[in-house]
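Below is one structure, written out as structure tokens, with a few remarks after it.
We use all heavy atoms of the structure for the numbers below, so side chains are in, but hydrogens, waters and symmetry mates are not. What you see is a predicted model; the values in this text were computed from it and never measured.
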Amino acid sequence: MAETAPLRLNVPEPEVRPGGKPDFSNVKIPKAGSVDRPPVDVAPEAIRDMAYSIIRVLNRKGEAVGPWAGTLSPEEALSGLRDMMRVRAFDRRMLMAQRQGKTSFYMQCLGEEAIACAFRKAMEDGDMNFPTYRQQGLLIAGGYPMVDMMNQIYSNTHDPIKGRQLPVMYSSKKHGFFTISGNLATQFVQAVGWAMASAIMHDTRIAAAWIGDGSTAESDFHAGLVFASTYKAPVVLNIVNNQWAISTFQGIARGGSGTFAARGHGFGIPSLRVDGNDYLAVHAVAKWATERARKNLGPVLVEYVTYRAAAHSTSDDPSAYRPKEESDAWPLGDPVERLKNHLVAIGAWSPERQKQAEAEIDAEVLAAQKEAESFGTLHSGPKASPRDIFEDVYDAMTPNLRRQRQEAGY
């Protein structure tokens with residue numbers, strides 16, 4: 001009888017560890033403009049290869065090329081540049097505030113600004129995002145006041161959430177931003193449920209689900225795909241692949257699927273990959289995906305290929321698990337610089353105006369911070385009564401809630 005070899009598990013390992021030379025040779029980057037733009041009603045099986053390529057618009061010279069170019073005017077692109085600059089300045093200020101002990105922790109989206117900022121411009125009022133904690137660009141690009149964001153981070157007397165959430169876990173129904181949950185994958189399936197409800201009510205609003213590469217290993221991610229595909233929910237399923245989860249590289253969650261976008265194939269969902277550091281490409285793909293969802297053609301899965309340049313949070317030290325130079329070696333560059341270079345190349349911007357805008361935005365963010373820091377802390381004010389708390393939590397008094405309040409004695 002032949003001897004059977006012992007079984008063993010395969011544990012994926014990153015290409016390089018701290019102290020080694022960064023290597024992104026496994027990231028296959030197609031030429032800008034080389035990926036076709038299919039009609040919005042294309043059959044999912046006709047674009048299977050798009051789950052393995054990367055849609056790009058900006059080339060190395062800063063030129064917008066190919067079939068995905070042209071969804072934004074120079075003025076709209078310039079607005080997007082300012083949005084990303086605001087997000088970066090906001091992050092910088094709040095990181096400094098955390099280091100000064102003014103808040104408990106903070107999470108930057110350094111290097112990922114184009115994804116949320118560009119996607120928000122493709123959505124309409126009334127649509128709902130179910131974000132993770134690195135999509136602050138959805139709020140800033142959507143016109144949400146930075147002072148209110150800071151009030152929530154500081155948990156002061158003007159905190160719009162009144163101390164019910166951790167810092168950076170914002171919430172604004174008016175701005176289409178569902179409250180963030182620390183259990184990140186849960187919001188993926190919630191977005192699908194919200195989209196299904198919108199369809200059941202014959203509404204016109206769509207949803208957007210957000211998840212990181214690491215959280216795709218959670219069962220809620222797969223449950224969301226099941227329901228979205230079965231019921232053709234009007235939802236855009238966004239995966240932000242920034243190469244690293246809290247401290248594990250993307251290969252742990254990706255396994256042998258090749259790409260995260262390829263996960264959609266088994267569910268019959270059209271799946272695309274896009275250069276997440278290319279503002280123009282992100283916007284073009286977001287417009288395509290939201291249009292498809294709004295036309296009742298079902299869900300779209302989008303993988304944004306990007307890089308988490310900063311630490312996972314202020315509690316994280318990335319030098320413990322990746323080379324210090326890895327951020328500089330990322331081949332898709334910096335989203336702010338790339339869009340700035342494009343606008344300069346077409347004559348809509350200049351290095352001098354860039355410096356001026358940086359100074360103006362820094363002053364704007366600093367003014368917001370000073371205003372937020374002028375308010376007192378929640379615990380410094382008068383203690384709320386049980387009745388006040390009850391009526392604040394339950395905004396609409398249904399007969400049943402009114403009875404419960406009376407039975408409780410207030």
Side-chain angles (χ1 to χ4, degrees), residues 27-58 64-72 112 114-123 129 135 188 191-192 195 206-213 216 221-222 224-225 228-229 232-243 250 253-254 257-295 297-307 332 335:
V27 181
K28 305 302 180 184
I29 303 174
K31 185 178 179 181
S34 63
V35 179
D36 289 336
R37 185 185 187 280
V40 74
D41 60 351
V42 67
E45 59 270 20
I47 57 169
R48 286 180 60 86
D49 60 328
M50 296 187 75
Y52 300 99
S53 189
I54 301 177
I55 297 167
R56 301 177 62 225
V57 170
L58 292 173
V65 298
W68 291 90
T71 61
L72 288 170
E112 303 175 36
I115 299 169
C117 288
F119 190 91
R120 179 61 183 84
K121 296 300 186 182
M123 299 194 81
N129 282 283
Q135 276 80 57
F188 208 77
V192 176
I206 66 171
W210 295 86
I211 200 167
D213 51 279
T216 62
F221 168 71
H222 302 276
L225 294 180
S229 62
K232 296 192 180 301
V235 60
V236 181
L237 306 165
N238 295 309
I239 303 172
V240 180
N241 176 11
N242 61 17
Q243 312 304 309
Q250 59 159 308
R254 190 188 70 237
S257 67
T259 70
F260 291 98
R263 294 279 175 86
H265 286 166
F267 299 89
I269 298 175
S271 305
L272 302 81
R273 298 178 86 219
V274 60
D275 180 348
N277 291 22
D278 182 341
Y279 185 95
L280 301 186
V282 171
H283 182 268
V285 169
K287 288 289 288 185
W288 189 92
T290 55
E291 181 183 354
R292 185 179 174 96
R294 211 176 301 279
K295 286 186 174 181
L297 295 169
V300 179
L301 182 67
V302 182
E303 176 188 345
Y304 302 89
V305 182
T306 185
Y307 185 82
L332 293 177

[atom2] on [Y] to [atom1] on [X], rounded to 0.5 Å:
X: Arg273; Y: Leu301; atom1: CZ; atom2: CG; answer: 11.0 Å
X: Arg263; Y: Arg254; atom1: CZ; atom2: CZ; answer: 9.0 Å
X: Glu291; Y: Asp41; atom1: CD; atom2: CG; answer: 9.0 Å
X: Arg292; Y: Ile206; atom1: CZ; atom2: CD1; answer: 12.5 Å
X: Trp210; Y: Ile115; atom1: CH2; atom2: CD1; answer: 7.0 Å
X: Leu272; Y: Asp49; atom1: CG; atom2: CG; answer: 9.5 Å

On the 0 to 90° scale, with breaks at 30° and 60°, tag the Phe188-Phe221 ring pair as parallel, tilted or perpendicular.
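Tilted.
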Using a 4.5 Å cut-off on heavy atoms from C-beta on, say whether the side chain of Asp36 contacts that of Met50.
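With C-beta onward as the side chain, the pair stays apart.
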Do Ile29 and Arg56 have side chains that get closer than 4.5 Å, going by heavy atoms?
yes
Checking the side chain of [X] only, and the main-chain atoms of [Y] only, is there a donor and an acceptor separated by less than 3.5 Å?
X: Asp213; Y: Asn242; answer: yes
X: Gln243; Y: Thr306; answer: yes
X: Thr259; Y: Ala51; answer: yes

Which pair of heavy atoms, one from [X] and one from [Y], lies closest together, and at what distance?
X: Leu332; Y: Val305; value: CD1-O, 3.7 Å
X: Asp275; Y: Ala281; value: O-CB, 4.4 Å
X: Ala209; Y: Val235; value: N-CG2, 4.1 Å
X: Ala122; Y: Thr290; value: O-OG1, 3.5 Å
X: Val302; Y: Val236; value: CG2-CG1, 4.2 Å
X: Pro39; Y: Trp288; value: O-CZ2, 3.6 Å

Test log, rule side chain to side chain contact (heavy atoms under 4.5 Å, CB included), inputs Tyr52 and Lys28
CA-CA 9 Å; Tyr52 300 99; Lys28 305 302 180 184; over 6 Å; no
Between Gln135 and Asn129, does a side chain to side chain contact (heavy atoms under 4.5 Å, CB included) hold up when you go through it step by step?
CA-CA 10 Å; Gln135 276 80 57; Asn129 282 283; over 6 Å; no
Let me see the working for Tyr304 and Val282 under side chain to side chain contact (heavy atoms under 4.5 Å, CB included), right down to the final yes or no.
CA-CA 8 Å; Tyr304 302 89; Val282 171; 3.9 Å; yes
Trp68/Asp278 under side chain to side chain contact (heavy atoms under 4.5 Å, CB included): CA gap, chis, key distance, verdict:
CA-CA 12 Å; Trp68 291 90; Asp278 182 341; over 6 Å; no
